[in-house]
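Data block below; observations after.
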Amino acid sequence: MPNRTRFLGRTLAAAGTVAALALATAVPAAAAPSTVEQDVAQLYQDVIDLYNGLPASALRGVDRLIESPVQKIGPRSRAAAGPIPGCTEGSLLTYANKLASQLTPLEGQALDALSGLGQLYVQGVASDKTPQVFGTDGQYTPRATDTIDKLRGFWDIESWNIQLVAWKGTDLGSQAKMAQTFGLGLAPAKVKDAAALASKVLYEVPALQGGRNPLLTLNAFSAPAGSLGGKRVALGDGLLDTVDVLGFDDVSVESVVGHEYGHQVDFAHDNYPRNESSEMGPDAYGGYFVAHAKGFGWNARTQQEVTYLDASIGDCFHSHGTPGQRKAASAWGEKQATSQGNPNRIVPSATMIEKFQKEYPKLMPPATDQPAAAAVAAARG
């Protein structure tokens, strides 16, 4: 079973802060109560142990919308070692990095552990069999419900078992929910205490805002059938709040859910690219959906807003695509909808994947001689 502690060990990479506090030495039961630092360190270790106890397939194929500046638990990033020269990351990532940079190392360690715990809850425990409430105050629930209903009828893939679940930081305050989450991989004798500790840390570290710090849930993800919890799309409250702050509220839910459902389109056809097209493809499918007459049929201005939202999530590490590449991918998808002869015809999903894979090389920057030279040097070494 692979060791997953490496994802927890790089807390606050965006803020330049190195990993976690050392675990405190155990003290006798009669000693003074644990300090906040000891509580956070113990919770951090509990979450490490939880991830290491998961089945090897638990996180396989899960695609997150962004590489969070704090959350390093979960699928291994495909990011390259260094940034792309001349690239400026998208506004959403810049904003998230700014929030992360304001945290102390202790606050970052607590947030890192709890954000990873929250991801596991929404992936492996939460279910749409109970009413889902989207947005910190439920304000996005009607839009999210409408969007997933439209998507299930739009794409020609098995859709009845694709759940849409709300990713809420306040769920971390429920000891019952956290016990279910720790029960996924932690030793049974430790589950109850770990769940109680998670709730305690959530409220004893003020920066976490009782679960309302947007960094706890500043993401969305899509999970395939074989992963922990099965097929689902998770939509984070923190992501929706942040997108609102950035001025994209008009298209936020529809664009993000459309993108994440695009991963389900890829999953249905066993399409798991090992390059930026893994994210740019869903941008294109999402663009096609929001512009299509049988999707949302949005006008040119609103379509453009979607492309700028996709650009805001672009990075500069050969991971999810640069802002320009993300924007180009969604614009290409929108054009497929607005330029087709029959506006009511929906291109089959397999055909859409094939069309985008042919387009993808055109959206990437020209190759340079550097990778080739590096490969030659490595071969000679």
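Count residues from 1 along the sequence.
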Exercise. Give, for atom OG1 of Thr147 and atom CZ of Phe296, the distance between the pair rounded to the nearest 0.5 Å.
Key: 3.5 Å

Exercise. Could you tell me the separation between the CZ atom of Phe182 and the CG atom of Asp49, rounded to the nearest 0.5 Å?
Key: 9.5 Å

Quiz item: Which atoms form the tightest heavy-atom contact between Leu50 and Thr181, and what is the distance?
Solution: CD1-O, 3.5 Å

Self-check item: Residues Arg212, Asp137: salt bridge by 4.0 Å N-O rule
Solution: yes

Quiz item: Should Ile66 and Leu246 be counted in the same cluster of Ile, Leu, Val, Met, Phe, Trp and Tyr side chains packed under 4.5 Å apart?
Solution: yes

Quiz prompt | Side-chain donor/acceptor of Gln304 to backbone N/O of Thr302, under 3.5 Å | solution = no

Exercise. For the pair Gln38 (side chain) and Thr35 (backbone), establish whether a donor and an acceptor sit closer than 3.5 Å, ignoring hydrogens and angles.
Key: yes

Quiz item: Would Leu54 and Val47 show up in the same hydrophobic cluster when neighbours are defined by side-chain heavy atoms closer than 4.5 Å?
Solution: yes

Quiz item: To the nearest 0.5 Å, what is the distance between CE (Met280) and OH (Tyr285)?
Solution: 11.0 Å

Quiz item: Can a salt bridge be assigned to the pair Asp46 and Lys190 using a cut-off of 4.0 Å between side-chain N and carboxylate O?
Solution: no

Quiz prompt | Salt-bridge criterion met for Glu354 and Lys358 (N-O under 4.0 Å) | solution = yes

Exercise. Return yes if some donor-acceptor pair links the side-chain N/O of Gln340 with the main-chain N/O of Asn342 below 3.5 Å, else return no.
Key: yes

Practice problem: Determine, step by step, whether His259 and Asp283 satisfy the side chain to side chain donor-acceptor pair (under 3.5 Å) criterion, reporting the C-alpha distance in whole Å, the side-chain angles of both residues, the deciding distance to 0.1 Å, and the verdict. | Solution: CA-CA 5 Å; His259 168 96; Asp283 284 341; 2.8 Å; yes

Self-check item: Least distance between heavy atoms, Pro343 atom then His292 atom
Solution: O-CE1, 3.1 Å

Quiz item: Applying the 4.5 Å side-chain criterion to the ILVMFWY set and letting contacts propagate, would Val133 and Val125 be lumped into a single cluster?
Solution: no

Self-check item: Minimum heavy-atom distance Val165-Ser127, with the two atoms named
Solution: CG1-C, 4.1 Å

Practice problem: Decide side-chain contact (heavy atoms from CB on, under 4.5 Å) for Leu235 and Glu260; before the verdict, give the C-alpha distance in whole Å, the side-chain angles of both, and the deciding distance to 0.1 Å. | Solution: CA-CA 9 Å; Leu235 183 58; Glu260 295 303 332; over 6 Å; no

Quiz item: Does Gln303 use its side chain to pair, donor to acceptor, with the backbone of Trp298 at less than 3.5 Å?
Solution: yes

Exercise. Could you check if a side-chain atom of Tyr360 sits within less than 4.5 angstrom of a side-chain atom of Glu276, using non-hydrogen atoms only?
Key: yes

Self-check item: Expected output: side-chain Thr338 to main-chain Glu334 donor-acceptor under 3.5 Å
Solution: yes

Quiz item: If you round to the nearest 0.5 Å, how far is CG of Leu218 from CG of Leu239?
Solution: 5.5 Å

Quiz item: Is it true that Glu158 and Lys231 make a salt bridge, defined as a side-chain N closer than 4.0 Å to a carboxylate O?
Solution: yes

Quiz item: Between Tyr272 and Phe267, does the ring centroid distance fall short of 6.0 Å?
Solution: yes

Quiz item: Checking Gln264 side chain against Arg232 main chain: does a donor-acceptor pair fall under 3.5 Å?
Solution: yes

Quiz item: So do Thr104 and Glu107 actually touch side chain to side chain, heavy atoms under 4.5 Å?
Solution: yes

Quiz item: Does any non-hydrogen side-chain atom of Asp128 lie less than 4.5 Å from one of Leu164?
Solution: no

Exercise. Side-chain contact test, heavy atoms from C-beta onward, threshold under 4.5 Å: evaluate it for His320 versus Ile313 and give yes or no.
Key: no

Quiz item: Is any side-chain heavy atom of Tyr261 less than 4.5 Å from a side-chain heavy atom of Ser222?
Solution: no

Practice problem: Determine, stepwise, if the pair Phe154 / Ile346 fulfils side-chain contact (heavy atoms from CB on, under 4.5 Å). | Solution: CA-CA 8 Å; Phe154 185 83; Ile346 300 175; 3.6 Å; yes

Practice problem: Measure from the side-chain N and O atoms of Asn97 to the backbone N and O of Leu93, and report whether any donor-acceptor pair falls under 3.5 Å. | Solution: yes

Quiz prompt | Leu103 vs Leu111 side-chain heavy atoms within contact, under 4.5 Å | solution = yes

Quiz item: Which heavy-atom pair separates Ser278 from Asp266 by the least distance, and what is that distance?
Solution: O-OD2, 4.4 Å

Quiz item: Atom OG1 of Thr94 and atom CG of Leu99: how far apart are they, to the nearest 0.5 Å?
Solution: 11.0 Å

Practice problem: Compute the centroid of each ring, for Phe289 and then for Trp155, and state whether the two points are separated by less than 6.0 Å. | Solution: no

Quiz item: Looking only at atom types and distance, does a side-chain atom of Tyr288 sit under 3.5 Å from a main-chain N or O of Val347, one as donor and one as acceptor?
Solution: yes

Practice problem: Indicate yes or no for a side-chain donor-acceptor contact from Ser319 to the backbone of Cys316 under 3.5 Å, with no hydrogens or angles considered. | Solution: no

Quiz item: Short question: side chain of His269, backbone of Asn271 - any donor-acceptor pair under 3.5 Å?
Solution: no

Quiz item: Can you find a pair of side-chain heavy atoms, one from Phe221 and one from Leu65, that are under 4.5 Å apart?
Solution: no

Exercise. Search all heavy atoms of Leu202 against all heavy atoms of Gly169 and return the closest pair with its distance.
Key: CD2-O, 4.4 Å

Self-check item: Criterion side-chain contact (heavy atoms from CB on, under 4.5 Å) on Asp149 and Arg152, from CA distance to verdict
Solution: CA-CA 5 Å; Asp149 285 346; Arg152 285 176 176 143; 3.8 Å; yes

Quiz prompt | Closest non-hydrogen atom pair, Thr217 against Lys168 | solution = CG2-C, 3.9 Å

Quiz prompt | Under-4.0 Å salt bridge between Lys177 and Asp171 | solution = yes

Quiz item: So do Gln357 and Pro273 actually touch side chain to side chain, heavy atoms under 4.5 Å?
Solution: yes

Practice problem: Quick one: do Asp241 and Tyr140 satisfy side chain to side chain donor-acceptor pair (under 3.5 Å)? Show the steps, please. | Solution: CA-CA 10 Å; Asp241 287 343; Tyr140 296 109; 5.3 Å; no

Self-check item: Separation of Ser277 OG from Phe356 CZ (nearest 0.5 Å)
Solution: 6.0 Å

Exercise. Give the C-alpha distance, both sets of side-chain angles, the deciding distance and a yes or no for side-chain contact (heavy atoms from CB on, under 4.5 Å) between Tyr308 and Glu305.
Key: CA-CA 5 Å; Tyr308 279 102; Glu305 190 173 352; 5.8 Å; no

